[in-house]
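See below for the structure under consideration.
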Amino acid sequence: MAEQAKPKVLVIQGPTACGKTALSIRLAQEYQGEIVNADSMQMVRGFNVGTAKPTPQERQQVPHHLFDVVSPDEHYDAGGYVDRARAVIDLILRKQRLPIIVGGTGLYVRTLLGGLADLPGADAQLRERYQAILNEQGVKALADMLLEKDPKAVQTLDLENPVRVIRALEVLELTGEPIWLHQQRHEFADRPYDTLQVVIHADLAVLDDRIRQRTALMVKSGLIEEVQRLLMVYGDRTLRPYQSIGYRQVLEFLDGKTDYYNLEEEIIRKTRRYARKQLQWLRNEKQTRWYRYPEQEHGLTQDVGSWLAGEALPAVEDGLPSSE
RNA sequence: GGCCAGGUAGCUCAGUUGGUAGAGCAGCGGACUGAAAAUCCGCGUGUCGACAGUUCAACUCUGUCCCUGGCCA
C-alpha cells in the first residue's frame, strides 16, 4: 500500500518541562487536532501536580484523550497503551480531525507507531513466582533458569536486569518460544500511520532552569498534599505511580527521611536526569525532526501545515538536532 | 579559656597491626519490544586540614597550629 493511503498522525515529543503541553494545544487549535496523551504517568488518575498534567482549563481548549484513564492500583503497560491509543486515534480520524500524540514516554510512542510483538501480556501469577525467586536468590538464579531453556538469551538480553529477565521467562513459559525470536520477527514493523515525528528541545541550561522553577511551583502548589490525599485512598506505597519522580521523594519526606529543602532538590535532580534520559532515547529514534522551542515554533507550525498539505519536507538527518 | 569528637572525591562517610585510598549518593556515558517518570550496565587522582618530626616508607605514629561541632567554664 502506498504511504499516502495511511492516515496522518502528528507526534510531539521532547524532554520533560520543555513546553510540549502548551505547544500541542496551539497546534491542535491551528489544525483542528485532538491531543492523545503518550505519557505513562499522566494516564493515572489523581496524580496531577507531580506529573504536570494539563490543567482543566487547558483541557477545555481542545479535546484531550488518555489522561486519567487508569486507577493508581491498576496494572497498565505499553501493550495496553497501544490498544487504547490506536482506538482513540481511529475515533479522531473518523471525525476528520488530526490526532496529535504528545508525551515523553518514548517506549509508548515507539510501540504506538511501530506496534508491539504479538505476545501475551503480563501474567500476575508467573510474575509473583519469579519475583519471589528474585527476592530470595537474586537475578543470577533467574538468569540461570532462563539460560537453561534459552541459551541464546546471553546475546540478546541484559541478564542483570530483573525486569527483562522476568519478562523473558514469562514469554518463554507462555509461548514456548524465546522472546528474542518473537522480537526478531516483529521489529516495530507494524506501521499504520503516516507520521510527522517532531522533537522539541532547548539548551540543557535553559531546561534545567525551567525544571527548577517548575519543581518549586509543584511543591508550593500542593504536591505533598496530593500525595497525602492519595495515600488515604491508596495506602499501598508499593504501587507503581508512587515510584515515579516527585512522588517517591514526597513519600521519603513524609517518612522523615529527608527535609523540605532536600525534597525539592532531590526532585529537581531526578527530573534533570530524566530529561537527559528522554533526550538519549529520542536521539535513537529514527525519522524525527528536531526543533528548538520556543525559538522555532513558527517554522515548526509551518512544517506541520506543509506536511498536512502533502508537500514534501526537506530531508533531515535522522535523530539529530537541526543545526540552527 | 579547658575538655571531647571530628577534619579523606561535589555531598555523606569507610579505611584492618604504617607500604601514597574506597563505598553510597550526585555527575557523565550507554541500554531499552506488556514495570519505561520504571529497570539495568559502564566510568572514581582526590594538595587524605596545614606545617614540622619519627621512619626505607605516614591518610595511618608524635608535636604544634588552623577550622568545625558538642560539653564545661
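Numbered from 1 within each chain, the chains take letters A, B, ... in sequence-line order. It should be emphasised that the depicted structure is a prediction, and the values quoted were computed from it without experimental measurement.
Under a hydrophobic clustering in which Ile, Leu, Val, Met, Phe, Trp and Tyr are joined whenever their side-chain heavy atoms come within less than 4.5 Å, directly or via other members, A/L230 and A/V233 fall into the same cluster. A/Y274 and A/V163 end up in different hydrophobic clusters when Ile, Leu, Val, Met, Phe, Trp and Tyr side chains are linked at under 4.5 Å.
At a cut-off of 3.5 angstrom, counting only N and O atoms as typed in the model, there is no donor on one side facing an acceptor on the other between the side-chain of A/R110 and the base of B/A36.
In this structure, A/E74 places its CD atom 14 Å from C1' of B/G34, rounding to the nearest Å. When the C1' atom of B/C32 is taken as reference, atom CD of A/Q183 falls 10 Å away, rounded to whole Å. Taking atom CE on A/M41 and atom P on B/A37, their separation rounds to 8 Å, with Å as the unit. Remark: C1' of B/A38 and CZ of A/R167 are 15 Å apart, rounded to the nearest angstrom. Going from atom CG of A/D208 over to atom C1' of B/A26 covers 14 Å, rounded to whole Å. Between the P atom of B/A36 and the CG atom of A/L116 lies a distance of 12 Å, rounded to the nearest Å.
Minimum atom distance to the side chain of A/V163 is reached by B/U39, of the listed B/A37, B/C32, B/U39. In this structure, of B/C32, B/A38, B/G34, it is B/G34 that holds the atom nearest to the side chain of A/R127. Taking only side-chain atoms of A/S40, from C-beta outward, the nucleotide of B/U33, B/A37, B/C28 with the closest atom is B/A37. Of the candidates B/C40, B/A38, B/A37, B/C40 carries the atom nearest the A/D158 side chain, counting heavy atoms from C-beta on. Picking from B/A31, B/A37, B/A35 the nucleotide with the shortest atom distance to the side chain of A/N284 gives B/A31. Comparing B/A31, B/A37, B/A36 by their nearest atom to the side chain of A/Y76 picks out B/A36.
In this structure, B/A14 forms no base pair with any nucleotide, since neither Watson-Crick nor G-U wobble geometry is met with both distances under 3.5 Å. The partner of B/G63, taking Watson-Crick or G-U wobble pairs whose two distances both stay under 3.5 Å, is B/C51. When both pairing distances are held under 3.5 Å, B/U39 makes a Watson-Crick or G-U pair with B/A31.
In this entry the base of B/G34 is syn relative to its sugar, with a glycosidic angle within 90° of 0.
With C1' as the reference atom, B/G44 and B/A14 are 15 Å apart, rounded to whole Å. Rounded to whole Å, the C1' atom of B/C67 lies 26 Å from the corresponding atom of B/A26. Atom name P, nucleotides B/C43 and B/G22: the rounded distance is 13 Å, in whole Å. Comparing the C1' positions of B/A9 and B/A37 gives an interatomic distance of 29 Å, to the nearest angstrom.
Open room surrounds CD on A/E128; 12 or fewer heavy atoms of other groups in view lie less than 6.0 Å from it.
Residue A/K277 places none of its side-chain N or O atoms closer than 4.0 Å to OP1 or OP2 of B/C32.
Sequence order on RNA chain B of the closest nucleotides to A/A52 and A/K270 puts A/K270 first from the 5' end. Across the interface with RNA chain B, nearest-nucleotide mapping of A/T111 and A/Y108 shows A/T111 to be the residue nearer the 5′ end.
Under the rule for a ring-ring contact (aromatic ring centres under 6.0 Å, His included), the partners of A/H186 that lie at least two apart in sequence or sit in another chain are A/F188.
Separation of atoms CD1 (A/I92) and CD1 (A/I100) is listed at 9.0 Å; rounding is to 0.5 Å.
Taking the six-membered ring for Trp and thresholds of 30 and 60 degrees, A/Y108 and A/Y81 have nearly parallel ring planes, at less than 30 degrees apart.
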